[in-house]
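Residue numbers start from 1 in every chain, and the chains themselves are labelled A, B, ... in the order their sequence lines are given, proteins ahead of strands. Just so it is clear, the values below take in all heavy atoms, side chains as well, and ignore hydrogens, waters and symmetry mates.
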2 protein chains.
Amino acid sequence: MAENKHEMILKAAQKLFAERGYDGTTVPMIAEEAKVGAGTIYRYFENKQKLVNELFRGSVAQFAATLRDGFPEEKDFREKFRHVFYRLIRYSREQPEAFRFINATVNAYFLDEQSKSDFEGFMDFIERHLDEGKEAGLLRALPAQAFIAIVYGTIFHLSRMFEDGTLEPSDELLAGLEKSCWDAISAD
Amino acid sequence: MAENKHEMILKAAQKLFAERGYDGTTVPMIAEEAKVGAGTIYRYFENKQKLVNELFRGSVAQFAATLRDGFPEEKDFREKFRHVFYRLIRYSREQPEAFRFINATVNAYFLDEQSKSDFEGFMDFIERHLDEGKEAGLLRALPAQAFIAIVYGTIFHLSRMFEDGTLEPSDELLAGLEKSCWDAISAD
DNA sequence: AATAATGGAATGAACGTTCATTCCGGATTT
DNA sequence: AAATCCGGAATGAACGTTCATTCCATTATT
């Protein structure tokens, strides 16, 4: 049953960090949510900051894997974009807490260097993908970062709305949004 | 000199809340930044939570005023959209701390009912504006909330990039982004 | 001189973290 | 097979620290 607790603590922390933020979440809160003693957390994590960084890197890795998994390497760019878009949406819906946690934590003062560079590596994956389309002349004459703002920014905001029920993620709506984002970045 | 301090405390709090979040900012930190004694803060604000809520409402009001000011009521919808887009950008650049603070705080657990409804009122302004364009058949068959996710989500993400220097907000880039957003929401 | 405003020391509550103790499943002895 | 022992996992009370808030001697205003 051992490594189960490690997982339970991370899961509890993720839920609370997503809801209340890092500083708004106390270690005893995490312990209660994970149904362990407060001291137990320190058997698995050196301290609160190491815990949040480990959680962050795990979430980013899972996020990146979601995007890479089944990536249509052989298909055309339009298809690749669709894949990334829908995987971003899927992750934000299947792991809303992780998604919210990642986005709330990206620029946090308590992230260590490894966490920051892990996240950069992830964004590079998206950026490389976009640059490819730009070189092929399929995308507008804008910096890749601008495309990221449009696509990632849109999905980030959408996920908030899906979470709080402001918007219902029907297949039709998602298809419309995918097209909107594509139209926003594609040339002509 | 009296009411100056009220303003200084709010300004200091805004800066720190934007940088470190509500729970990561201590009252003595705010006092030091505002160059007042810690106790002085409690002459102007009942407690930390009342302070953050007052700051939030003030920021939202200022934000809303920025959008409404000079709104081209008589011009066509395309022009109105351009106005809102550029004002959103302008606010995020001229008041980056306020913009960041608002977005980081919208869903926070410490917001009171008045703050929440103030923000809703602000979003309604944007939503009404979008609904108008939708009724005129200028926008796609998507919920207004979807347009908000695209436009506001994009601008929110952009502002992060402008702040940390990832992207340089040239007139050309902004014009390109405005067109991207318009293309993402406009029909056909 | 009286009154109000101020800063920062004082305070108690709550924090992250530690540690002496308890718990418990498996090995060892009877 | 029953009783005992064992070691690491788990615990939560307790520690020093830091927090939000209060208090009050001093300063500024009237």
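When ring centroids are compared, B:Phe122 and B:Phe125 stay outside the 6.0 Å threshold. Checked against the 6.0 Å centroid threshold, B:Phe156 and A:Phe156 count as a close aromatic pair.
Side-chain N/O atoms of B:Tyr44 include none lying less than 4.0 angstrom from OP1 or OP2 on C:dA5. OP1 or OP2 of C:dT6 sits under 4.0 Å from a side-chain N or O of B:Lys5.
A donor-acceptor contact closer than 3.5 angstrom is absent between the side chains of A:His83 and A:Glu73. Neither side chain, A:Ser115 nor A:Asp118, offers a donor N or O lying under 3.5 Å from an acceptor on the other. Inspection of the A:Gln145 and B:His157 side chains reveals no N or O donor paired with an N or O acceptor under 3.5 Å. Between B:Gln62 and B:Tyr91, the side chains place a donor N or O and an acceptor N or O closer than 3.5 Å (distance only, hydrogens not considered).
The nearest whole Å value for the distance from the NZ atom in A:Lys35 to the P atom in D:dG12 is 14 Å. Look at CD1 on A:Ile30: it is 12 Å from C1' on C:dC15, rounded to the nearest Å. The CZ atom of B:Arg43 sits 16 Å away from the P atom of D:dA28 (whole-angstrom rounding). Rounded to an integer number of Å, the gap from A:Asn4 CG to D:dA9 P is 15 Å.
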Collect all protein-nucleotide pairs involving nucleotides 16-22 of chain D in which both atoms are nitrogen or oxygen and the distance is under 3.5 Å.
| unit_1 | atom_1 | unit_2 | atom_2 | d |
| --- | --- | --- | --- | --- |
| D:dA20 | OP1 | B:Thr25 | O | 3.4 |
| D:dA20 | OP1 | B:Lys48 | NZ | 2.7 |
| D:dA20 | OP2 | B:Val27 | N | 2.7 |
| D:dT21 | OP2 | B:Tyr42 | OH | 2.7 |
| D:dT21 | OP2 | B:Lys48 | N | 2.9 |
| D:dT21 | O5' | B:Tyr42 | OH | 3.4 |

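The line from CZ of B:Phe63 to CZ of B:Phe101 is 13.0 Å long, rounded to the nearest 0.5 Å.
Scanning residues 9-18 of chain B for heavy-atom distances under 4.0 Å to DNA chain C yields an empty list.
With hydrogens and angles disregarded, no donor-acceptor distance shorter than 3.5 Å links the side chain of A:Arg140 to the backbone of A:Ala187.
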